[in-house]
Amino acid sequence: QVQLVESGGGLVQPGGSLRLSCVASGSVYSINAMGWYRQAPGKQRELVAAITSGGTTNHADSVKGRFTISRDNAKNTVYLQMNSLKPEDTAVYYCNARPMGKGHDYWGQGTQVTVSS
């Protein structure tokens, strides 16, 4: 079992920055990859960025050059640094963990990011 707890969301002006954190606990040795998803009102949940156990990253086209996913293995924590925020980035951001082998994904509770002037 894996538990994920996100933090760092809030209200920020366009052009501002936020850093989201996701702390994993439990069977963290079983995690193959982690990522950040977001869901805006009336829209489907979409992948924002992901990082594998080997450190390979990918980012959605909509956030490339602005967002960066990273991890601190010693702290069992994944981060999403969000710069140059736009109103269209407003969404609930969810941390995701994908286990090795057979098993379902784990999800955090979500943290609200609102970009508005």
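Numbering starts at 1 and runs along the sequence shown.
The environment of Glu88 atom CD is dense: over 12 non-hydrogen atoms of other residues, nucleotides or ligands sit within 6.0 angstrom. More than 12 heavy atoms of other residues, nucleotides or ligands shown are found within 6.0 angstrom of CZ on Arg71.
Between Ile31 and Ala24, the shortest heavy-atom contact is CD1-CB, 4.1 Å. Heavy-atom minimum distance, Gln112 versus Ala91: NE2-O, 3.4 Å. Shown here for Ser27 and Val2, the closest heavy-atom pair between the two residues is O-CG2, 3.6 Å. For the residue pair Ala97 and Leu4, the shortest heavy atom distance occurs at N-CD1, 3.7 Å. The shortest heavy-atom contact between Ser117 and Pro14 is N-CD, 3.7 Å.
Residues Tyr93 and Glu6 form no side-chain contact, since every pair of their non-hydrogen atoms from C-beta on lies 4.5 Å or further apart. The side-chain heavy atoms of Asn58 and Leu47, taken from C-beta on, include a pair separated by under 4.5 Å.
Side chain of Gln81 to backbone of Arg19: no donor-acceptor contact under 3.5 angstrom is found. Remark: side-chain polar atoms of Gln109 are not paired, donor with acceptor, to backbone N or O of Val5 under 3.5 angstrom.
Under the 4.5 Å side-chain contact rule for hydrophobic residues, Val12 and Phe67 share a cluster. No chain of hydrophobic side-chain contacts below 4.5 Å, direct or via other Ile, Leu, Val, Met, Phe, Trp or Tyr residues, connects Leu85 to Tyr94.
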Step by step, would you call Arg38 with Val63 a side chain to side chain contact (heavy atoms under 4.5 Å, CB included)? CA-CA 12 Å; Arg38 68 186 182 187; Val63 306; 4.0 Å; yes

Please evaluate residues Val23 and Lys75 with respect to the criterion side chain to side chain contact (heavy atoms under 4.5 Å, CB included), reporting the C-alpha separation (whole Å), side-chain torsions for both, the decisive distance (0.1 Å), and the verdict. CA-CA 8 Å; Val23 180; Lys75 297 180 179 180; over 6 Å; no

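Screening Leu20, Leu80, Leu11, Thr90 against Val113 for a side-chain contact (heavy atoms from CB on, under 4.5 Å) leaves a single residue, Leu20.
The CG atom of Asp105 sits 10.5 Å away from atom CE of Met34, with the distance rounded to the nearest 0.5 Å. Remark: Gln1 CD to Ser30 OG distance equals 9.0 Å, nearest 0.5 Å.
Using a 4.0 Å cut-off between a side-chain N of Lys or Arg and a carboxylate O of Asp or Glu, Asp89 and Lys86 do not qualify as a salt bridge.
Pairs engaging residues 8-54 under the ring pair (Phe, Tyr, Trp, His ring centres under 6.0 Å) rule: Tyr37-Trp107 [sequence neighbours left out].
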